[in-house]
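Input: a single structure, listed below in structure tokens.
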Amino acid sequence: MKKYNKKNIIDALKKVGLKKGEIVYINPEIFKFGNLYEAKNKNHYFKIFFDSIYELVGKNGTMATNTYTFQTLRYGKKFIYEKTKCTSGEFSEYIRKQRGSLRSHHPVFSVTALGKYKKYLCSNNSFHNYGHNSPYQKFLELNGKVLNLAMDPCLNPFLHVAEFLVGVPYYYNKLTKVNYYKNTKKVNKYFSSSVRYLNLDFQMELGRLKKELTRKKIVKSTSLGTSKIYFFSAKKYLNIALKILEKDQFAFLKK
């Protein structure tokens with residue numbers, strides 16, 4: 001298995017264009033990179049990645065990531081705003097638990113941010129996961145960039161934002177009421193979630209999107225370990241996805 005270290009991570013991030021003051025949305029599958037030989041344990045492994053990104057964006061930069069809690073909607077589990085572990089992966093959970101991080105208030109589709117624009121992104125949000133005043137809409141207003149760590153660049157939350165905005169017929173707005181606690185007090189509010197119809201049998205097929213992303217050359221990529229880092233504009237990605245769906249609302253489904 002190919003080995004790499006922190007210097008390799010920083011060099012790769014610089015190569016794709018990550019710099020001071022950047023606003024980045026992180027989608028991690030960092031286990032695909034292989035053996036980070038400097039890591040002493042799992043926590044140190046996550047710390048090296050976190051520190052590498054933070055060192056480049058600096059104190060005027062912003063880092064954001066999904067901190068979804070699907071267990072609250074699917075299985076009726078209690079959502080405790082300050083404590084409930086996210087289901088978006090261990091690195092996302094590491095970011096959520098960082099001192100100074102701020103989690104948005106949606107009990108299923110929360111976003112966590114750190115840095116200069118964390119309050120703008122994750123405060124005073126609407127009750128819908130992708131709608132007006134959601135963290136995603138605000139991120140787009142800030143012209144933020146998407147940083148996919150070993151994850152296919154087609155796969156990021158702005159894919160679902162595009163589907164929501166177009167109103168694809170295989171998603172619907174689900175009224176979302178969960179057992180929600182914040183500051184030890186029960187939160188009696190309804191939220192909305194754009195979710196798939198579970199009774200529909202279909203698979204995603206993103207070949208057309210991938211082809212268009214390649215043709216437009218919006219994604220910068222470079223190798224790290226046994227995988228790649230991808231970096232691109234969220235707004236440019238969204239506009240490409242929207243144009244495809246405007247012509248065919250089933251464009252992202254396997255025929």
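Worth saying up front: this structure is predicted, and the values here are computed from it rather than measured. For the numbers below, each heavy atom of this structure counts, side chains included, while hydrogens, waters and symmetry mates do not.
- Using a 4.5 Å heavy-atom threshold, the side chains of Asn41 and His44 count as touching.
- Ser134 contributes no side-chain N or O that, together with a main-chain N or O of Asn125, makes up a donor-acceptor pair within less than 3.5 Å.
- A centroid separation of 6.0 Å or more is found between the aromatic rings of Tyr170 and Tyr197.
- Relative orientation of the Phe33 and Tyr4 rings is perpendicular, given thresholds of 30° and 60° on the angle between their planes.
- Clustering ILVMFWY residues whenever any of their side-chain heavy atoms sit less than 4.5 angstrom apart, transitively, puts Val219 in a cluster other than the one holding Ile26.
- In terms of modelled atom types and a separation under 3.5 Å, the side chain of Ser104 and the main chain of Val111 share a donor-acceptor contact.
- Partner Ser92 forms a side-chain hydrogen bond (donor to acceptor under 3.5 Å, both in side chains) with one of Asn66, Thr65, Thr67 and no other, that one being Thr65.
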| task | Show your reasoning for whether salt bridge (charged side-chain N to carboxylate O under 4.0 Å, His left out) applies to Glu212 and Arg215. | result | CA-CA 5 Å; Glu212 199 62 15; Arg215 191 178 74 84; 2.6 Å; yes
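- We find the CG-CD1 distance between Leu36 and Ile30 to be 8.5 Å, quoted to the nearest 0.5 Å.
- The closest side-chain heavy-atom distance from Asn129 to Val195 is not below 4.5 Å.
- Here the straight-line distance linking atom NZ of Lys138 with atom CD1 of Ile23 works out to 13.0 Å at 0.5 Å rounding.
- Between the side chains of Lys20 and Asn60, not a single donor N or O lies within less than 3.5 Å of an accepting N or O.
- No donor-acceptor contact under 3.5 angstrom links the side chains of Glu163 and Tyr130, judged on distance only.
- A perpendicular orientation is assigned to the rings of Tyr45 and Phe49, their planes being inclined by more than 60° (bins at 30° and 60°).
- Expressed to the nearest 0.5 Å, how far CD of Glu205 lies from CZ of Phe252 amounts to 10.5 Å.
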| task | List the steps, then state whether ring pair (Phe, Tyr, Trp, His ring centres under 6.0 Å) holds for Phe158 with Tyr237. | result | CA-CA 8 Å; Phe158 299 96; Tyr237 171 95; 7.3 Å; no
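- The backbone N or O of Lys2 lies less than 3.5 Å from no partner atom in the side chain of Thr226, so there is not a single donor-acceptor pair.
- Between Leu114 and Arg99, the closest side-chain pair of non-hydrogen atoms is not below 4.5 Å.
- The closest donor-acceptor contact from the side chain of Arg103 to the backbone of Arg96 lies at 3.5 Å or more, if one exists at all.
- In this model, a donor atom of one side chain and an acceptor atom of the other lie less than 3.5 Å apart for Thr176 and Ser193.
- Within a 6.0 Å sphere centred on CG of Asp201, other residues, nucleotides and ligands contribute 12 heavy atoms or fewer.
- Formation of a donor-acceptor pair under 3.5 Å by the Asn183 side chain with backbone atoms of Lys185 is not found in this model.
- Aromatic ring pairs are classed by plane angle as parallel below 30°, tilted from 30° to 60° and perpendicular above 60°; the pair Phe91 and Phe46 is tilted.
- In this structure, Asn239 CG and Leu140 CG are separated by 8.5 Å, a value rounded to the nearest 0.5 Å.
- Within the 4.5 Å cutoff, the side chain of Glu82 has heavy atoms near those of the Lys182 side chain.
- Exactly one residue among Lys14, Lys7, Lys15 makes a salt bridge (charged side-chain N to carboxylate O under 4.0 Å, His left out) with Asp11. That residue is Lys7.
- Annotation: side chain of Tyr180 is in contact with side chain of His105 (closest heavy-atom distance under 4.5 Å).
- One finds the NZ atom of Lys78 at 5.0 Å from the OH atom of Tyr181 (value rounded to the nearest 0.5 Å).
- At distances below 3.5 Å, at least one donor-acceptor pair connects side-chain atoms of Thr69 with backbone N or O atoms of Pro107.
- In this structure, the ring of Tyr136 has its center no less than 6.0 angstrom from the ring center of His160.
- Residues Lys6 and Ser52 share a closest heavy-atom pair of CG-OG, 3.4 Å.
- Just one of Tyr120, Tyr117, Tyr25 meets the side chain to side chain contact (heavy atoms under 4.5 Å, CB included) condition when paired with Phe139; it is Tyr25.
- Donor-acceptor pairing under 3.5 Å is lacking for the side chains of Asn124 and Lys119.
- Between Glu246 and Lys243 there is no salt bridge, since no side-chain nitrogen of the basic residue lies less than 4.0 Å from a carboxylate oxygen of the acidic one.
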